Amino acid sequence: DKTEGQVKEDKIDDEEEELRTISESEWKRLVKEEKINHYVEHPIPIKPPNQPTNTPSLPLMLTKEERKKLRKRRRMEMHRERQQRVLLGLDPPPPPKVRLANFMQVLGKEAVADPTQIEKEVRKQVEQRIENHERRNQERKLTPEQKKQKKLKKMFEDASRQINVALFRVDDLTHPKLRYKVDINAQQNYLSGCVVLFPDTNLVVVEGGAKSINRFKKLMLRRIKWTEESAEGTTEEADAGKKKENHCYLVWEGNVIRPNFKGFRFEQCVTEASVRKFMKERGVEHYWDFVHNFKIDQDAPPVSQL
């Protein structure tokens with residue numbers, strides 16, 4: 001009896017014998033000899049569809065000391081290059097930088113011969129250097145339109161990284177001056193959101209970049225004097241010394257994936273059902289729950305008074 005290995009070897013030998021016994025006509029039918037030559041074909045490499053694309057590398061953030069070192073090194077190289085051009089005769093040597101403190105040492109005999117005239121020339125050179133410096137600064141100065149575009153670019157870049165949200169509760173927003181301040185600052189900081197006007201509880205929600213949100217928080221929690229400005233125009237209560245307390249509270253702040261509001265608007269709601277409907281249409285019904293269930297700490301003063 002043959003083992004399994006011997007059976008496999010016999011099978012391979014039989015296949016090789018069959019290949020040797022192929023006739024010449026059969027060989028010509030299977031193999032096209034006219035396509036055989038001395039050239040070597042190199043197929044064009046094809047990228048696989050699942051190969052990841054080259055992601056752009058993030059710029060390296062340098063510290064202040066590292067930026068100073070790079071600037072110093074770059075200026076030294078520029079100065080060395082100017083010196084080489086002067087030594088090779090490609091550029092004329094720069095005139096000596098004469099000041100009132102060193103013109104006697106720099107000019108030597110000329111300064112001794114006529115010091116008054118030399119002093120006038122030195123003062124003229126100093127004024128010319130100051131004038132050139134101011135002129136270069138004015139040429140590099142941005143126009144008002146360029147400043148505006150730069151500010152807008154910074155704000156939109158800040159909002160493109162992450163959408164920040166801040167949620168406020170205000171006791172009273174009936175005074176038009178307070179509404180105007182909230183509205184105009186939200187528009188100037190390019191924030192989206194809304195103000196829901198409801199009896200005794202007003203909701204203010206803003207969405208945008210981190211810098212814009214911080215500026216709006218300073219307005220709501222520090223700059224606006226809610227009690228004093230709410231009492232403007234109510235002379236009877238002011239004379240009687242009965243100012244109604246008005247405060248602003250920061251209820252919640254966090255991040256979201258995408259903004260839920262388009263633009264900034266005011267919404268007057270009479271019932272809680274209308275408030276929930278308005279917020280539910282924008283997918284932020286929980287904002288109203290945060291504000292409505294917000295408990296004011298009686299011991300600690302409100303944020304607007306800090």
Side-chain angles (χ1 to χ4, degrees), residues 152 154-227 229-230 244-306:
L152 288 177
K154 283 187 176 181
M155 286 190 174
F156 288 130
E157 284 180 355
D158 189 30
S160 63
R161 296 190 190 100
Q162 192 175 20
I163 301 297
N164 294 55
V165 182
L167 191 61
F168 303 91
R169 170 181 170 169
V170 183
D171 296 336
D172 185 14
L173 263 177
T174 56
H175 201 284
K177 185 177 180 180
L178 296 176
R179 296 190 190 183
Y180 174 78
K181 285 187 176 182
V182 173
D183 186 20
I184 196 65
N185 278 273
Q187 294 180 19
Q188 288 176 351
N189 289 295
Y190 299 94
L191 297 171
S192 60
C194 71
V195 177
V196 177
L197 303 173
F198 189 75
D200 298 330
T201 303
N202 298 277
L203 178 148
V204 181
V205 54
V206 286
E207 302 171 334
K211 292 182 180 178
S212 300
I213 291 292
N214 288 334
R215 291 173 64 181
F216 193 81
K217 281 170 57 180
K218 290 178 183 178
L219 169 82
M220 299 289 286
L221 305 178
R222 298 182 190 175
R223 290 167 52 197
I224 296 181
K225 308 301 180 183
W226 294 96
T227 302
E229 296 186 14
S230 298
K244 184 180 178 181
E245 292 291 330
N246 189 17
H247 303 296
C248 175
Y249 304 91
L250 177 62
V251 178
W252 175 81
E253 60 178 331
N255 306 320
V256 294
I257 299 175
R258 62 183 65 87
N260 297 298
F261 295 89
K262 294 182 179 179
F264 192 82
R265 57 175 293 186
F266 283 74
E267 184 70 18
Q268 180 73 49
C269 298
V270 181
T271 62
E272 186 175 349
S274 59
V275 177
R276 290 189 176 278
K277 180 182 177 182
F278 174 76
M279 302 300 286
K280 189 175 182 180
E281 290 175 353
R282 286 144 185 85
V284 289
E285 187 180 1
H286 54 285
Y287 286 177
W288 173 250
D289 294 331
F290 290 164
V291 173
H292 189 65
N293 300 327
F294 179 71
K295 293 182 179 180
I296 302 171
D297 190 359
Q298 299 295 334
D299 298 330
V303 182
S304 58
Q305 290 185 354
L306 295 178

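For clarity, every value in this text was computed on a predicted model and none was experimentally measured. The chain is numbered in sequence order, starting from 1.
Between F278 and C194, the closest heavy-atom pair is CE2-SG, 3.8 Å. Counting all heavy atoms, side chain and backbone alike, E229 lies closest to H175 at O-CD2, 3.5 Å. Taking each heavy atom of A166 and L250 in turn, the nearest pair found is CB-CD1, 4.4 Å. Residues N189 and S212 come closest through the heavy atom pair O-OG, 3.1 Å. Between V205 and F264, the shortest heavy-atom contact is O-CE1, 3.9 Å. When all heavy atoms of G208 and L191 are compared, the pair lying nearest together is CA-CD2, 3.8 Å.
Rounded to the nearest 0.5 Å, atoms NE2 (H286) and NZ (K280) are 13.5 Å apart. Taken to the nearest 0.5 Å, the CG atom of L178 stands 13.0 Å off from the NZ atom of K225. Distance check, rounded to the nearest 0.5 Å: CD of Q268 to CG of L173 gives 10.5 Å.
Under the 4.5 Å side-chain criterion, counting only non-hydrogen atoms from C-beta, L219 is in contact with I224. By the 4.5 Å heavy-atom criterion applied to side chains, F294 and L167 are not counted as neighbours. Counting only heavy atoms from C-beta outward, the side chains of D289 and R276 approach each other to under 4.5 Å. Within the 4.5 Å cutoff, side-chain heavy atoms of L152 are placed close to those of Y190.
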For this session: Applying side chain to side chain contact (heavy atoms under 4.5 Å, CB included), run through F168 and V182 and close with a yes or a no.
Result: CA-CA 11 Å; F168 303 91; V182 173; over 6 Å; no

For this session: Assess whether side chain to side chain contact (heavy atoms under 4.5 Å, CB included) is satisfied between H292 and L203, documenting all intermediate values.
Result: CA-CA 9 Å; H292 189 65; L203 178 148; over 6 Å; no

For this session: Show the numbers, then the answer: is there a side chain to side chain contact (heavy atoms under 4.5 Å, CB included) between F198 and V291?
Result: CA-CA 11 Å; F198 189 75; V291 173; over 6 Å; no

Problem set entry | K181 vs R223, side chain to side chain contact (heavy atoms under 4.5 Å, CB included): CA-CA, chis, key distance, verdict | CA-CA 10 Å; K181 285 187 176 182; R223 290 167 52 197; over 6 Å; no

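The number of heavy atoms from other shown groups lying within 6.0 Å of CZ (R215) does not exceed 12.
For D172, the side-chain contact (heavy atoms from CB on, under 4.5 Å) test picks out T174, N246, with sequence neighbours left out.
Of the possible polar contacts, none joining the D183 side chain to the R179 backbone as a donor-acceptor pair under 3.5 Å is found. Remark: the backbone N or O of M220 is paired with a side-chain donor or acceptor of W226 at under 3.5 angstrom. Judged by distance alone, the side chain of S274 and the main-chain N or O of C269 form no donor-acceptor pair under 3.5 Å. Remark: the backbone N or O of H247 is paired with a side-chain donor or acceptor of D171 at under 3.5 angstrom.
Note on residues 192-206: pairs passing side chain to side chain donor-acceptor pair (under 3.5 Å), not counting sequence neighbours, are S192-E207.
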